[in-house]
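In what follows, every heavy atom counts, from backbone to side chain, and hydrogens, waters and symmetry copies are set aside.
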Amino acid sequence: MADGDTVRELYEGCYRRLVGQLFAICGNLGEAEDAVQEAFVRAVEKPRRFCRLENPEAWLRAVALNAVRRRYRRATRFHGLLSRAGVPETTITGLSADRVALVEAL
């Protein structure tokens, strides 16, 4: 079996489970999906090395969790810098009340 096939099978078999686990941790579906996709990208970059892992799903989970942590730290740092600079929080949210209502309706 080719290395790419192994990664593809893992993607099909555990992508949704990993996204669910990361969503439970971070509470943001988009962030969870992005983090899991980032983990798979790292796996695809070096498929032979990835396929030699004893538990590739655990490795993917760890990489995705690290991505969520990294993003959280960066966002926290960013918001801290904004508050020190005196930038009002409302100018950076990016979500209008209409958009929130539309998403809730969907």
Side-chain angles (χ1 to χ4, degrees):
M1 179 183 311
D3 297 329
D5 292 339
T6 303
V7 174
R8 182 176 293 116
E9 285 178 13
L10 259 166
Y11 184 84
E12 291 169 358
C14 66
Y15 173 79
R16 295 177 83 179
R17 180 173 44 250
L18 290 170
V19 168
Q21 292 166 352
L22 269 287
F23 175 67
I25 292 169
C26 71
N28 183 319
L29 183 59
E31 286 290 323
E33 290 173 336
D34 287 348
V36 172
Q37 290 171 9
E38 183 177 328
F40 274 100
V41 166
R42 291 188 184 190
V44 170
E45 288 175 342
K46 297 181 181 176
R48 290 180 197 259
R49 184 174 168 199
F50 176 73
C51 291
R52 283 187 249 134
L53 294 170
E54 189 173 317
N55 189 345
E57 185 175 348
W59 182 88
L60 288 165
R61 187 178 305 105
V63 171
L65 185 57
N66 287 339
V68 166
R69 287 179 183 143
R70 187 174 50 254
R71 290 176 186 178
Y72 176 77
R73 283 192 304 265
R74 286 180 181 167
T76 302
R77 215 174 308 138
F78 176 71
H79 290 295
L81 290 171
L82 286 178
S83 66
R84 277 187 251 141
V87 177
E89 187 77 22
T90 57
T91 61
I92 59 163
T93 59
L95 292 179
S96 68
D98 293 339
R99 181 173 175 94
V100 171
L102 175 64
V103 170
E104 286 177 356
L106 291 174

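Shown here is Arg70, whose CZ atom has more than 12 heavy atoms of other residues, nucleotides or ligands within 6.0 Å.
With sequence neighbours excluded, the residues satisfying side-chain contact (heavy atoms from CB on, under 4.5 Å) with Glu45 are Val41, Arg42. With sequence neighbours left out, the ring-ring contact (aromatic ring centres under 6.0 Å, His included) criterion links Tyr72 to no other residue.
Applying the ring-ring contact (aromatic ring centres under 6.0 Å, His included) definition to pairs two or more places apart or across chains, those involving residues 31-55 are Tyr11-Phe40, Phe50-Trp59.
Ala32 and Cys26 make their closest contact through N-SG, 4.0 Å (heavy atoms, listed as atom of the first residue, atom of the second, distance). Considering every non-hydrogen atom in both Ala39 and Ala64, the closest pair reads CB-N, 3.9 Å. In plain terms, the two heavy atoms of Glu31 and Val68 that are nearest each other are O-CG2, 4.5 Å.
Atom CZ of Arg16 and atom CD of Glu33 lie 10.5 Å apart (nearest 0.5 Å).
Gln37 and Tyr15 share a donor-acceptor pair across their side chains, judged by distance under 3.5 Å alone.
Between Val36 and Leu60 there is no side-chain heavy-atom pair separated by less than 4.5 Å.
Taking 4.0 Å as the cut-off between side-chain N and carboxylate O, Arg61 and Glu57 count as a salt-bridged pair.
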